[in-house]
Protein chains: 2
Amino acid sequence: MAILRSLECLVALVDEGSVTKAAAVLHMSQPALSHQIAALERELGTPVVERLARGVRVTAAGRAVAEEARVALAAASRAVQAGRRVGEGLGRRLRIACAETMTAWLLVPVLRRWQTRWPDVRLDLLEFTSADRMVEQ
Amino acid sequence: MAILRSLECLVALVDEGSVTKAAAVLHMSQPALSHQIAALERELGTPVVERLARGVRVTAAGRAVAEEARVALAAASRAVQAGRRVGEGLGRRLRIACAETMTAWLLVPVLRRWQTRWPDVRLDLLEFTSADRMVEQ
DNA sequence: CTGTTTTACGAGCAACGTAACTATT
DNA sequence: AATAGTTACGTTGCTCGTAAAACAG
């Protein structure tokens, strides 16, 4: 499996078209990025850039890899975001108040499925006989 | 950015529902996988598994992250495959023989675009005055 | 005592930055 | 001389496995 960081370096390199600029974008030194590219090429078994007298030129292979690499990076980022977002909902308590017993009975199947989907959120179903008692909570 | 390896560990953990089994699937020790999961949880700021008396239970956050993680892993894998596949085509020489000058003239715009798309593949256009000469090549 | 996960710790490896080197203009 | 990239090298941090510890049945 490829290292995500090297793919990140490649994408920056393809975007910037220069090792120096790509390194600057990623806030790292040129040699470090150069190393990552070399490691990726070793992994792929093919060069991703053509070494010219002045600068580099991205190869077809480099562009092809970068294409999928963007997808991988975006997905990894979404994974982290999804985790944080769901995580913020954990430990929360959802308090649902209803005045009518009938209403509560109707809610049960809905809440059961909800609980299945988000088992880590605690559900509290509160029943009251009058609206007055509800506002006290 | 999350580490791809930790996402790999999480996916295995979600699939297997056990640290021990997941570690076995990935051919690594339980402590190593446990570490990766802990590191991922530090990154996410939320637990991905609930520690029970006997084994673990994946949380909603864990499932959510694993979902996107699969996408990231697949994309990363495709990126490498794409690189290797294109790389194998590099250095290749495509020799196109045509007997008629007219045909060659028609081919030029097509080949030009082809060259733009795959600049690393060398194109040789060979013209012959008779079919006999072509088969000699 | 068995099974499962975590903690501790040491070894190996990979990523990084600084510095030196190469090559081209 | 100046610019762009690579190589060399030492340090830091990460990943891993073995061993030991916590915890529950």
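Chain A is the first sequence line, chain B the second, and so forth, proteins listed ahead of strands; every chain is numbered from 1. Heavy atoms only: backbone and side chains are in, while hydrogens, waters and symmetry mates are out.
- Taking atom CZ of residue B:R57 and atom P of nucleotide C:dT4, one finds them 19 Å apart after rounding to whole Å.
- Atom CG in A:L4 sits roughly 17 Å away from atom P in C:dA14 (whole-Å rounding).
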I'd like to compare against my own output: the B/S/- annotation of nucleotides 11-25 of chain D with a strict under-4.0 Å heavy-atom distance to protein. ----SSBBB----S-
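- Under 4.0 angstrom from either OP1 or OP2 of D:dG5 there lies at least one side-chain N or O belonging to A:T20.
- With respect to A:K21 and A:E16, no salt bridge is recorded, no charged nitrogen being found less than 4.0 Å from a carboxylate O.
- One can place CG of B:L52 at 14 Å from C1' of C:dG3, the figure rounded to the nearest angstrom.
- Counting only distance, with no hydrogens or angles, the side chain of A:T59 and the backbone of A:V48 share a donor-acceptor pair below 3.5 Å.
- Between A:S34 and the phosphate of D:dT6, there is a side-chain N or O to OP1/OP2 separation shorter than 4.0 Å.
- The side chain to side chain contact (heavy atoms under 4.5 Å, CB included) with B:L10 is formed by just one residue from the set B:L33, B:L40, B:D15, B:V49; it is B:L40.
- Across every non-hydrogen atom of A:L13 and A:V58, the tightest pair is O-CG2, 4.3 Å.
- Distance check, rounded to the nearest 0.5 Å: CD of B:Q81 to CG of A:L44 gives 11.0 Å.
- For CG of B:L26, the number of neighbouring non-hydrogen atoms (other residues, nucleotides, ligands) closer than 6.0 Å is greater than 12.
- The interatomic distance linking A:R51 (CZ) with C:dT24 (P) rounds to 15 Å, in whole Å.
- The distance from atom CD of A:E50 to atom C1' of C:dA23 is 16 Å, rounded to the nearest whole Å.
- A straight line from CG of A:L13 to P of D:dA4 spans 14 Å, rounded to a whole angstrom.
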